[in-house]
Structure formats: C-alpha cells, structure tokens
Amino acid sequence: MTNCRLVFRALFLVNIVIMLCQCKENDTKANTKENNDLETSEKDINIPSKKTWMGRYHLDLEDIPHMGEANSVYLTFDVNETRSSLTVRVNDEKPVKYFGEIIKKTNDTLVLQVVEDGEDIDYYICQYEPGYYQVSGSEIYMINPPNDQYDLVKSKTYKDQGDLGISLLYEGYVNSENGLNIRNEPSLKSDKIGTIPYEASVKVLRRTNNFENLNLGNGRIAHGQWVYISFFSSITNKEVKGYIYDYFINYSVDSSILYDSLDQAKKSFSLDKQCVMDNASSNFIYSMQALAYNEEDRPSKVRIEIQGITDENSIFQRLDYFPSLWYSYGEVSCDVRNYFEVSSDNRSIEIGAYGYFIIWDFNMDGLEDFAVLHDVGGSAGSIYDFFLQQENGTFLREDSFPFQLSFFPTSIDFENQTITEMHPIGCCKISTITYKKIAKDEWELVTSTVEEL
C-alpha cells in the first residue's frame with residue numbers, strides 16, 4: 001500500500017508517544033528511482049486538489065489503561081491553506097492548541113509543521129486510499145500490546161465549510177455591556193480593527209478551536225475560544241471581518257455543525273462550568289455560571305447554557321440572565337427540580353418547594369421548558385422567569401405566558417388545559433389564579449379569588 005518512515009513525537013503529560021508516518025506515493029512512474037523522504041523535486045510532487053486535504057481530522061483514543069488508571073487523548077488536526085493547527089486534549093482537561101502551516105503535500109502525505117513551545121514539529125497525515133486517512137505506525141505505550149496503526153476520521157461538516165469568510169456557521173449577539181473588540185488575529189496581543197456595540201448581531205464564519213482563559217477579576221475566569229466573524233457597521237456602512245472572543249456572544253447552533261458526534265458536543269459542554277446539571281433531564285444538559293456580582297456578592301448576571309442530547313435535538317444555546325435577588329452568595333446554586341418527567345397528567349407541587357431552576361411543561365405543548373429564579377421575594381413567595389421551548393429546540397422567554405415574572409404555578413391540568421398559581425397574602429389569606437390555554441401563546445383568565453385561611 002505505502003512505505004512509511006516513522007517519526008516519533010512525545011505528546012503532553014501522560015507519556016503518550018505517537019509514531020507518525022511519512023507515506024510515499026506508490027506510483028511506478030514516480031518511483032523510477034528509490035526515494036524514501038520528502039526531498040523530491042517539485043516536479044515529482046503531485047499536489048492533490050484543495051478538497052482532498054483541507055478539513056478537520058480527529059484521533060480519539062479513549063479509556064487507555066495505564067498504571068491502573070484509564071486516560072483518554074483527543075487529537076484534532078485543522079488543515080487550512082491560511083492557517084492550520086493541532087489541538088490536544090487529555091481526559092477532560094482544557095484543550096491545548098498549537099498553530100502551524102502546511103510545508104509539504106503529495107498524493108498520499110501532508111506535512112503539517114506546528115510550533116510547540118517555540119519548537120517546530122512536523123506531523124505527517126497519510127492518505128492510504130482516497131478519502132481514508134491515518135496516523136500510521138502509531139504506538140501509545142500505555143496500551144499493552146501497542147497498536148501499530150490508527151485511522152484518522154475526517155469531519156464531513158468541517159470539509160464543507162470552505163475558507164474563512166465564506167460559510168456562515170451561526171449568528172449571535174454581543175453580551176458585553178462595554179462592547180467587544182474585533183482583532184486581526186485570534187489573540188489578545190493582536191491589533192484591534194474595530195469594536196462591536198452591545199447587543200449588536202454578528203455572523204460567526206469559523207471557529208478556531210483556539211481556547212483561552214481570561215481573568216475577569218474578582219476571582220472570575222472566562223473560558224472561550226476565538227471565532228472568525230463578520231460584522232456590518234451601521235456607522236461606517238462597511239463590513240468588518242476579524243476575530244472575537246466567543247465568551248462575549250450569545251447564540252444558538254445545531255451541534256452537528258460544530259462536532260462530529262453528540263458525545264463530543266456533550267464532553268465539550270461540560271468543560272469549565274460552575275454548575276452542570278447533566279442528570280436533571282433526559283433531553284438536555286443545563287448549566288449555570290455567575291458572570292457578575294452585586295455589592296453583596298450575590299450573582300447579578302448568570303449565564304445559562306443548554307445542550308440538546310437526543311438524536312432529534314442537538315441544539316446548543318447560550319443566554320445571559322439578570323436575576324434581581326438570589327439567596328446564594330458567590331457561586332450559583334445547582335438546585336434543580338424536574339417535574340417534566342412526572343407521569344401524572346394533573347401535576348401539582350407543594351407551595352414553596354421550588355428551587356432555583358425548575359423544569360416543567362409550563363405551556364402544555366409536550367415540550368420541556370424551564371423557569372429560573374428571579375427574586376427570592378417575601379412571605380408571598382418567589383418570583384420566576386419562564387423560558388419556553390420552541391419547535392426548533394431553542395428556549396425563549398415569552399411575555400405571553402401568564403405567570404411571566406410572577407409567582408410559580410402550583411398545578412398544571414393537561415386534560416383541561418389550565419394552569420393555576422396559589423400564594424399567601426399576609427397572615428390569613430390565600431390568592432388563587434387560574435388561566436386556560438385557548439390557543440398557542442393565548443391564555444384567558446378563568447378564576448381569580450382571595451379566600452380566608
């Protein structure tokens with residue numbers, strides 16, 4: 001098939017050694033004399049088309065036994081004419097990205113030179129059949145016996161994205177009140193080429209997988225990556241393209257566009273989160289993280305992220321929420337309740353047993369919704385905001401919901417399509433309010449009473 005020269009390179013902190021191969025084209029016309037390296041003349045190199053090599057390649061090695069422990073290693077090669085890179089992640093640690101460039105390519109071998117800690121390292125990606133790629137002769141000596149060959153998986157979604165600035169991945173809007181700088185390279189040290197105002201819309205054209213942590217002060221750390229975007233400035237009447245830090249944009253996107261599998265999306269979602277609610281629902285993973293605090297060290301801005309985890313819905317969504325007053329100090333509370341997966345059609349809960357994050361089908365459309373605590377309130381009860389799931393799998397705060405920014409409903413009657421809320425008034429009275437759903441996003445008041453206790 002191919003002849004290979006093994007190149008050894010130690011990777012990362014868990015004694016991983018990958019032997020990467022340099023593959024020589026097995027063409028009789030091109031091999032009139034023996035040549036086992038890449039020192040052939042340019043006329044002997046058959047450059048494959050751009051579609052052959054450009055794209056993303058994955059090597060996932062999971063649960064590798066080593067010294068009584070199991071470790072996983074994930075390698076991602078992003079090959080692009082303008083800029084290429086290698087991303088390495090061990091277990092659930094933060095990924096490390098090394099930038100590089102293509103220095104050679106033949107019919108069956110691409111050489112990617114990556115700068116690691118100031119040193120140029122050459123990696124060889126081999127195509128042993130059209131559309132099939134390998135990091136060949138691989139030996140990871142945590143495995144006993146070691147394998148001598150691993151297949152690289154080329155991402156189909158990434159292959160279709162094209163060059164920078166051509167394909168739209170998703171749209172978002174800036175969530176930083178101070179605006180967001182656009183830079184000419186994916187680095188804080190690069191030049192600023194523009195500023196995007198708060199809540200302005202941006203088009204994300206490409207993710208770089210260049211992750212970086214930023215110190216926001218007060219012990220807060222931002223974790224995000226640089227993305228290549230397009231922004232139309234109404235001031236200059238011109239389109240600006242450059243890099244921004246995606247921690248400061250809110251968006252929703254189908255994870256199948258960004259990842260090769262739902263498992264990859266789930267693993268990425270759980271990284272660097274204060275509160276991950278991964279067992280709260282069969283349909284979604286939820287997370288909350290405090291972004292800002294008031295003078296009493298209570299969360300005043302909270303990031304909510306949602307990852308769909310079913311074949312029908314793999315949407316990722318990020319939104320920022322501004323609570324009025326929470327009990328919790330410092331970190332956000334992971335107090336979550338799920339009433340959606342209760343079998344009863346007439347669902348009710350005890351007054352006061354609510355929590356910070358509640359999952360339920362509030363508008364009785366068969367879809368999972370959630371409510372988040374807005375204000376702890378007084379003796380009458382706490383105030384909540386309600387986010388209702390849309391047909392496309394995203395969540396929206398709908399003002400038409402009758403108890404929006406109000407007390408929490410105590411029962412939902414699916415048979416009669418009614419929702420009821422009860423709360424105490426003073427020492428000796430109780431208020432009961434019932435609404436009936438008459439159409440999508442339309443409600444009418446059925447009863448409103450105040451009774452003596």
Side-chain angles (χ1 to χ4, degrees), residues 92 169-175 199 202 204 207 222-225 227 246-259 261-292 299 301-323 326 328 331-341 354-363 365-374 384-399 401 404-405 408:
D92 290 329
L169 285 182
Y170 52 87
E171 296 189 55
Y173 63 91
V174 174
N175 61 42
E199 293 189 335
V202 298
V204 177
R207 286 155 62 100
H223 179 70
Q225 70 165 288
V227 293
D246 79 341
Y247 180 87
F248 297 107
I249 58 172
N250 289 348
Y251 60 93
S252 62
V253 60
D254 192 329
S255 296
S256 64
I257 296 176
L258 308 179
Y259 301 96
S261 69
L262 189 55
D263 285 340
Q264 284 186 359
K266 290 161 65 176
K267 289 176 182 177
S268 176
F269 180 87
S270 299
L271 294 174
D272 299 283
K273 302 285 174 63
Q274 285 182 1
C275 170
V276 179
M277 297 169 275
D278 52 359
N279 295 316
S281 167
S282 300
N283 303 304
F284 298 92
I285 304 175
Y286 299 92
S287 76
M288 291 194 296
Q289 183 175 4
L291 299 186
K301 183 179 181 180
V302 176
R303 169 156 295 170
I304 300 173
E305 293 185 338
I306 308 108
Q307 174 65 62
I309 56 174
T310 65
D311 292 336
E312 294 75 23
N313 183 4
S314 59
I315 297 292
F316 169 86
Q317 183 178 6
R318 171 189 290 170
L319 55 90
D320 289 348
Y321 180 69
F322 298 86
W326 277 14
S328 68
E331 305 299 333
V332 298
S333 172
C334 268
D335 183 9
V336 57
R337 321 286 175 87
N338 188 342
Y339 301 104
F340 178 75
E341 297 178 5
Y354 302 147
Y356 282 77
F357 196 95
I358 304 98
I359 301 169
W360 212 357
D361 182 7
F362 295 105
N363 59 350
D365 61 355
L367 300 176
E368 179 176 323
D369 310 311
F370 71 86
V372 61
L373 180 67
H374 180 72
Y384 286 83
D385 260 323
F386 298 84
F387 293 81
L388 307 181
Q389 187 180 163
Q390 308 300 296
E391 292 182 358
N392 65 357
T394 62
F395 292 82
L396 180 66
R397 184 187 182 278
E398 292 189 355
D399 291 332
F401 185 68
Q404 191 64 268
L405 208 58
F408 194 83

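Here, residue 1 is the first one in the sequence, and each next residue gets the next number.
Checked against side-chain contact (heavy atoms from CB on, under 4.5 Å), C275 has the following partners two or more places apart in sequence or in another chain: M277, V332, C334. With sequence neighbours left out, E305 forms a salt bridge (charged side-chain N to carboxylate O under 4.0 Å, His left out) with K273, R318. In this structure D311 satisfies the side-chain contact (heavy atoms from CB on, under 4.5 Å) test with no other residue, sequence neighbours excluded. Residues passing the side chain to side chain donor-acceptor pair (under 3.5 Å) test with Q307 are S255, sequence neighbours excluded. Scored by the side chain to side chain donor-acceptor pair (under 3.5 Å) test, E171 finds no partners at all (sequence neighbours excluded). Scored by the side-chain contact (heavy atoms from CB on, under 4.5 Å) test, S282 finds E341 as partners (sequence neighbours excluded). Partners of N363 under the side chain to side chain donor-acceptor pair (under 3.5 Å) rule, at least two apart in sequence or in another chain, are D365. With sequence neighbours left out, the ring pair (Phe, Tyr, Trp, His ring centres under 6.0 Å) criterion links Y251 to Y170, F316. With sequence neighbours left out, L319 forms a side-chain contact (heavy atoms from CB on, under 4.5 Å) with I304, I306, Q317, F387. With sequence neighbours excluded, the residues forming a side chain to side chain donor-acceptor pair (under 3.5 Å) with D335 are R337, listed by chain and number. Remark: D385 engages R397 in a salt bridge (charged side-chain N to carboxylate O under 4.0 Å, His left out) (not counting sequence neighbours).
The structure places CG of N313 at 7.5 Å from CG of D254, a figure rounded to the nearest 0.5 Å.
Residues S281 and I359 come closest through the heavy atom pair CB-CD1, 4.3 Å. The two atoms that bring I315 and S252 nearest to each other are CG2-CB, 4.4 Å, heavy atoms only. The two atoms that bring G308 and L262 nearest to each other are O-CD1, 3.5 Å, heavy atoms only. R303 and D320 get closest at one heavy-atom pair: NE-OD1, 3.0 Å. Summarising the geometry of V302 relative to P299, their closest heavy-atom pair is CG2-CB, 4.0 Å, with the distance given to 0.1 Å. What you find for G366 and F340 is that their closest heavy atoms are O-CZ, 3.7 Å.
Side-chain atoms of N392 and T394 include a donor-acceptor pair closer than 3.5 Å.
Between the side chain of D278 and the backbone N or O of I285 there is no donor-acceptor pair closer than 3.5 Å.
A perpendicular orientation is assigned to the rings of F362 and W360, their planes being inclined by more than 60° (bins at 30° and 60°).
Counting heavy atoms from C-beta on, the side chains of F386 and D369 never come closer than 4.5 Å. With contacts defined as side-chain heavy-atom distances shorter than 4.5 Å, the pair D246/V204 does not qualify. The side-chain heavy atoms of H374 and Y384, taken from C-beta on, include no pair separated by under 4.5 Å.
Here F284 and F395 bring their ring centres to under 6.0 angstrom of each other.
Here the options are Y356, F370, F269, the test is ring-ring contact (aromatic ring centres under 6.0 Å, His included), and the partner is Y286; only F370 passes.
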